[in-house]
Amino acid sequence: TTGGGTPTGGASHEGKYKIATIPKIDGITWFDDMKRGVNQFNTDFGSEVEAWQIGPDSEDAAKQVQIIEDLIAQNVDAIVVVPNDPLALEPVLTKARQQGIVVISHEGPALADTEAVDYDLEAFSNDAFGELMGRKLVEGMGKDSGTFVGEVGSLTSETHMAWYNAAVKWLAENYPNIKPVQAQPYEDANDDAKARSNAIEILKKYPKLDGMISCSVSAGSNMAQVLKEKKIKTVTLSQLTLPSVGGPYIEEGWIYSGQAWEPAGAGYAGNMLALRILKGEKIDSTVDLKWDNYTASKVDGKIVIGDAILQFQKGEDPFDSWNGKWPF
Amino acid sequence: MQAILDRFKGHGHVSVLAGANIVVLVLLAIGLGSSFFSMNNMQSMMTQVAEFGLLAVAMSLAMLTGGIDLSIVATAVLAGIVGAEFLTGKVVDLATTPAPVVMAMAVAAMLITGLLCGLFNGLLIAKASIPPILATLATSIFYTGVGTVMTGGASVPVKVKEFFKLGTVTVANIPMVFLITVIAFVVVGMMLRWTRTGRRIYLYGENAIALRFSGARHERLVILTYAIVGLICALAAMIMVSRTASARVGYGEAYLLQAILVVVLAGFDPFGGRGRVSGLALSLILLQLLSSAFTIMRFGPYMKVFIWGAMLLAVMLVTRIMAGFMERRERAHVAPPGSGGSPAVVEAVSA
Amino acid sequence: MKSPFRAVFHRRSTPVERYLTLLIIGYAILVTSQNPRFFSLETVFDLVHEGAPTMILAVGVLLVLVSGGIDVSFPVVAITSAYMSIKLMWAFGLDTMAFMLPVSILFGTILGLINALLIHFLRLPTLIVTLGTMAVYRGLMAVLLGTSQYPVAQMPKSLAEFGLLDIVSVTRPEGVYGLSIFLPIVAAVMALTWFLLYHTMIGRSVFAMGSDPEAASRIGVNILRTRLFVYGYTGALAGLAGLIYYAAVQNVDPVALSGFELMVIAAVVIGGAKLTGGEGTILGTFLGVLLFQLFQTTLVQLGLASTWASFFFGAVLLASLAMIYIRQRRADQRNLVFRVG
Amino acid sequence: MSVPILEARNLSISFGGVDALVDVDLTINQGEIRCLVGENGSGKSTFVKIASGVYRQNAGTVAIDGVDMPSGDPGAAIAAGVQVVFQDLALFGGLSVAENIAFSYMLENRTRQVSMTKMSELAQQALDMMEVRLDLEAPVSNLSMANKQLVAIARALLLDARLIFMDEPTAALTRKEVNRLLEVVEGLKAKGISIVFISHKLDEVFRIADTITIFRDGHKVGDFEAGELTQSDLTFHMTGRRVEYPAYQRTPRDTDGVTPPVLEVRELADRGHFSDVSFAIRPGDVLGLTGLLGAGRTEIALSLFGLNAPSHGEVLLDGEPVHIRTPQDAVGRGIALVSENRQVEGLFMEQTIGHNISSTRLDTLVNRLGILNLHRERELAQSAVAQMGVNNRNIDTLVGRLSGGNAQKVVIGKWILTDPKLLILDSPTVGIDVGSKAEIYEKIQQLADDGMSILFISDEPEEIAANCNRIVVMYEGAIVNVVSEEERNQPNFVEVLSQMISEPTTRVEVDSAAQGGSQA
Ligand SMILES: Nc1ncnc2c1ncn2[C@@H]1O[C@H](COP(=O)(O)OP(=O)(O)OP(=O)(O)O)[C@@H](O)[C@H]1O
Ligand SMILES: Nc1ncnc2c1ncn2[C@@H]1O[C@H](COP(=O)(O)OP(=O)(O)OP(=O)(O)O)[C@@H](O)[C@H]1O
Ligand SMILES: [Mg+2]
Ligand SMILES: [Mg+2]
């Protein structure tokens, strides 16, 4: 299968390829790490590309649209974007592609169904990621019946919901007696204050809770924090987290299992994918994006999927080998 | 002399802005060369300035009355959501209704929503005498709440493809959305200059009490003004929805403070009664030039924030100093004793 | 006979205070009917811990409103000062609250004083001036200090521990609930502010300036000094609130609280502070913040999605404003006072 | 002779186009009572404000005890022992009586900690000095004008001031209250305190003044020993001429008694402001409405203009009962109001003369689309400017640059353009020069002659006597005297009228000025 885009660059391109990476927001740990990947890429391929990252100061799709408009006007060759709101970016990205710019999205699989991107890059299969969350929850609970609660950034977040639904489905099939307390997960808008007050209220409302699956980083770490404050040891947390945020809780035992992927890798791989398309290379059923766990990324239609799930828990690598020096 | 000073007071700011624009353009020409002035970049800037420009002109109207509207973005977003509900097929069946009909309904829905939001603001301000800043603070929270409850915070996708053509279509190389904004500016500018309502808006901003004592329906004027503000926000909503093919709570939040900034920068008096649409246009152009240049120069976002803030403070400082200078000039200019050449025959006697 | 309220506060309760009290009681009953566990000591303890930073910020906002101004820069001042104090703490290697607290408060004060000077000499609406300083403070800090976040593991130990310090705690089968150290801090802030506002000359000058700056200046109130006090004190409170916020959420995020300014102002306004200056009570502010906090945290208990929070808060704010200002409008009509705006 | 307590040299200040003070020298000695007199707007209050540091002068110096004072620093003046009872009082409406009185004292004494008890004690002490009782806890906004005045004086008394300026402290007081105040003033003098006393009531001035300083149009005319002047000398120096305003005589009309009066007010009442007010105005009438400050005259005017809904009574226009609910109603029915506060209610200071004048006529200047006919607007403005004799004929001048008199002509001009049946003038000559005053009188009389009905509100007896053919005197919201045309034509009427105003509770017989039974 091939992507929808027609490579415009090709060997005849003069000068370096300009590839811009646009994070959801500038200056937070996650995207600082992604910038590390972009800079690494810029160093590795400095002879043929000029790669940089530029982002807005708040998670506002309007600001991403503006930046992309400016980049289009500047005739960059490729754009790698982590959209705040994939749908809202569709028109401007479509416009970019019409002007011959290669567009790669990350964490925006919905865009793969549109003309807005050449490819969407996912670090892993969302189903697999969700199943792993479910499996780790059961493992941590150590029993095959009980209740859990779910929390996502927002009910409309495509990836969060994909993970959560996959986890629920897997649990229903394999452990029918482990049930969610309510059909829908809670939402925290990726906001720490909101996540914290949710955690407090959830514990008040469901005193007999056994576990929690959180698909937003804020949800998990704040629950862990509240459990720690209230010294509640009966709730198992299986969740998306960053080592820098969740690491200490894992060490102290408040979080059982954390999952993530490396932002630097996503940044690097996204740029690599863009470069391959720019150079007119054919994207086959697998593609090597030159970063660990992306060397044999699967191509499924317009979605490129790596194998970059990071799972960490106490007593196992890579968590133990990091030993407090969390990379991101 | 006096007349020149008076004229400068009215137009001075506009000429300063025009000068600043020229300086920036020259600097950009030297620094960034022709790439900055490419058709591509011009179109891009026009597109970008479109929706924000509308919000700014809405804010400027509120400021002319001596008020402020903190709900412009919330109004635009709510109007966008209501319109998008049509365009996503929730209200009408897209399969059976022809696209132009759906689009007309959506646009009407946006305009009506905007108008209602504006009217409500106006009523709170005029009939309940709530200070504009508080009334619109409350409604901005409330409209956002309504939008959130309607959508659950989700993005409402536009399924009618023709609609988001509006966001990309160009007429003679000029983006359609930019033309809409230009027309809005011209219409507002003409309204302020040539119509009774426009005149009254200035008078109200200058001295609301005197306008009331002149026998004008001052409350109706306020309601009307905020309704127009709401309507302009609805236009902005139309552009937003077409450019992003969706509507969602939280979109464009940063526009609010930027709009205040650009309007103050344009020489509008926050106390009301003074400001020109031409100044606003210049101020918008200046900001857009700089903003695009900053992206090209790869400035981080916080650097931009800092520069905007510093610019606002600097402009106010300069204005303050200029005003002080004018005052001193006036004092130095000694008027003849008494009330001037009164034709009255007064037998003046020395004591 | 004196009402119990009068006996405690030595003044009549304001209509806004009465209406807010009723509203809060009604709401509490509603929530309790849905979840009896709401009516508990734990709820109070949680409210104290979660609401502390907002409450401290709100007291500062009250002061500004009473003085006839409006300040939108305080969340940025709060975060900037706290972040700065943490950076400095690392530079000196003194991981103790005894260092960070005064430094953060000092920075807050300085930023507040800058606000005051600009407001005084630019003679422009306080909103516009603080809008400018807000952008400058935020931008400058991000450019100079960076925007790295420090989650619990990396944040200063003493700060993280401070956030978890309890003065008493109760152990329940469901967990341990502690009454946070924030309680005495917030209480002290409220008491100090009350004392300053009602029992010192500078506080009375704030009221005088708020109700009629021209008259105040004529009888010899030093307007500049009063402004320096108002914004300096508000900045100091912001510096304090910033650190407490970091301690409470156990996460140092240099861009937190953005957009929070309008919410806090709204809460204070709900509590009856008037934008025209000279009016506002600490009790009203407390009730406004309490209501805000309740809406933020307890909708879950009502089985409503949190998406309703803005809707309800906006509606209550509108009702509050309508009540305050329609009353004022009637009085103005009666007394033939013609007001602008 | 010891160093004078206050010595001002070459003071000058101007506001926009108005020179409020020009090169004024003034010396005030220890323990003297100095009266400043001059017409409205002659610069008396401005002098006070400069001397007390409220305004920063453009030129000149103020020395207290021989020491030059910093310009524009009220704190310094207060520290030097200067206190002011301002014309507009400068009280804090929201704060209590006690706090208002004690505030300056505590500021002055650098009190840090405020105690409500201490404040009440201080306030009581000050009120005792004047032998006055007031509710100390009540907010000042609830007090009557007279009581507010007392609070402001008490505030000054509390500070052992060495020089107290009192700017028209008696304007709102009855004769009885005035007497008590003057006793207080004399008591202060006995303690060696210097008083600068400003009043328009010349009898008061002659009663207490040691020296009288006369201002005219921002210039000091001179200092006079109280004994060396007569009332008419004083008036002459104030106005710069022998005031002989031509008295308005209404020409009787055929329609008199046939058609109903243009305006008739029957038992009109408005709770808290006025009650049981009845009068009628025929075409060509100039009805004078006079009384002390706070008598309720402005409230009546506002009621007739739709800005103050009366609680009781009837208003008839041309014999038809009407309800005037808004100013639009009023304007639509041919009523115009030249309101009391020119700067706030009458003018857009930062707009041009043209825009100010057209502001009442915008509805007739537009086509169906609401587009203004700018050409017609200019014509109208031009004609109004010419008609009113505004000195600056350039209608693009900002109104803020005009002198008070010319600005007032603009206000009257904008209303005359609407061709009203009833023109209400509320204190139209406050703060304007004699020349403009005479012109305005002339214009008013001419309009009345042409058949307009005019309600003329003023507290200046001369002006009322000269311009009105009938007069209503009010006190505390009620009519206490009605003067007919014949009575007005009596000689000596001005003095009689002054007495009617300042002794409202006493029945004044017009012919003999003898005292009758006192009224409730
Ligand atoms: N703040 C001001 N701004 C503009 N003009 C002013 C100001 N204060 C005073 N004036 C003008 O200065 C002149 C002198 O005013 P001032 O108040 O000193 O007169 P006055 O003698 O006290 O009159 P009155 O007897 O009416 O109190 C007037 O023309 C007035 O309109
Ligand atoms: N007895 C009273 N109690 C309370 N307030 C009063 C009383 N008498 C007058 N006032 C208030 O004092 C103010 C001054 O009165 P106002 O100016 O309206 O009266 P006026 O007769 O028009 O006098 P002038 O025009 O000379 O000022 C008004 O706001 C009025 O409400
Ligand atoms: Mg005066
Ligand atoms: Mg009056």
Side-chain angles (χ1 to χ4, degrees), chain C residues 2 6 9-12 14 65-68 192 194-226 229 272-281 328-341, chain D residues 48-49 52-55 72-79 82-84 86 88-95 99-100 102-116 119 137 139-142 152 155-156 159 270-273 298-299 301-303 307-309 311 339 341 344-345:
Chain C
K2 272 190 182 176
R6 215 178 162 150
F9 291 97
H10 301 288
R11 65 172 171 89
R12 263 160 265 162
T14 66
L65 287 180
V66 167
S67 81
L192 175 67
W194 174 81
F195 178 78
L196 286 174
L197 274 182
Y198 292 94
H199 287 284
T200 68
M201 219 36 220
I202 187 81
R204 299 316 293 165
S205 303
V206 175
F207 274 91
M209 183 174 90
S211 56
D212 187 346
E214 162 82 22
S217 123
R218 271 198 227 160
I219 66 164
V221 172
N222 186 329
I223 298 291
L224 175 59
R225 214 179 60 187
T226 311
F229 167 71
K274 263 194 208 153
L275 206 58
T276 34
E279 259 176 85
T281 64
Q328 166 97 56
R329 180 185 166 95
R330 297 243 170 83
D332 284 351
Q333 270 168 1
R334 233 185 352 262
N335 300 329
L336 301 179
V337 174
F338 302 100
R339 248 178 240 277
V340 189
Chain D
V48 172
K49 286 182 184 166
S52 59
V54 172
Y55 286 167
D73 181 358
I78 291 168
V82 176
Q83 275 298 310
V84 187
F86 288 99
D88 58 3
L89 303 184
L91 296 174
F92 305 106
L95 305 188
E99 187 158 11
N100 266 287
F103 206 106
S104 319
Y105 177 86
M106 293 186 302
L107 267 183
E108 170 64 15
N109 286 282
R110 308 200 179 281
T111 309
R112 290 239 154 70
Q113 196 171 333
V114 178
S115 131
M116 300 289 160
M119 245 161 30
E137 271 187 52
V140 157
S141 55
N142 290 358
R155 176 168 75 187
L159 283 155
D270 177 32
R271 214 163 292 119
H273 292 134
T298 298
E299 283 80 353
L302 292 177
S303 287
L307 284 166
N308 178 24
S311 52
S339 57
N341 190 341
V344 174
E345 297 158 356

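Chain identifiers are assigned alphabetically (A, B, ...) following the order of the sequence lines, protein sequences preceding nucleic acid strands; residue numbering begins at 1 within each chain.
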Engaged part of C/N222 at the chain D interface, taking heavy atoms whose separation is under 4.5 Å: neither
With a 4.5 angstrom heavy-atom cut-off, is it the side chain or the backbone of C/E214 that approaches chain D, or both, or neither? side chain
Contacting moiety of [X], where chain C heavy atoms sit under 4.5 Å:
X	result
D/R271	neither
D/M116	side chain
D/Q83	neither
D/L107	both

In the structure I gave you, are the side-chain heavy atoms of [X] and [Y] within less than 4.5 Å of one another anywhere?
X	Y	result
D/V114	C/M201	yes
C/F338	D/V344	no
D/L307	C/L336	no

Option in C/G210, C/A216, C/G278 with maximal non-hydrogen atom pairs under 4.5 Å from chain D: C/A216
Could you state the interatomic distance from CD1 (C/I202) to CD (D/Q113), rounded to the nearest 0.5 Å? 14.5 Å
For the atom pair CE (D/M119) and CZ (C/R204), what is the distance rounded to the nearest 0.5 Å? 6.5 Å
Between [X] and [Y], which heavy-atom pair has the shortest distance, and what is it?
X	Y	result
D/F103	C/A208	CZ-CB, 3.8 Å
C/I219	D/A90	CG2-O, 4.5 Å
D/P74	C/R218	CB-O, 3.7 Å

Please step through side-chain contact (heavy atoms from CB on, under 4.5 Å) for the pair D/N308 and C/Q333, ending with a clear verdict. CA-CA 7 Å; D/N308 178 24; C/Q333 270 168 1; over 6 Å; no
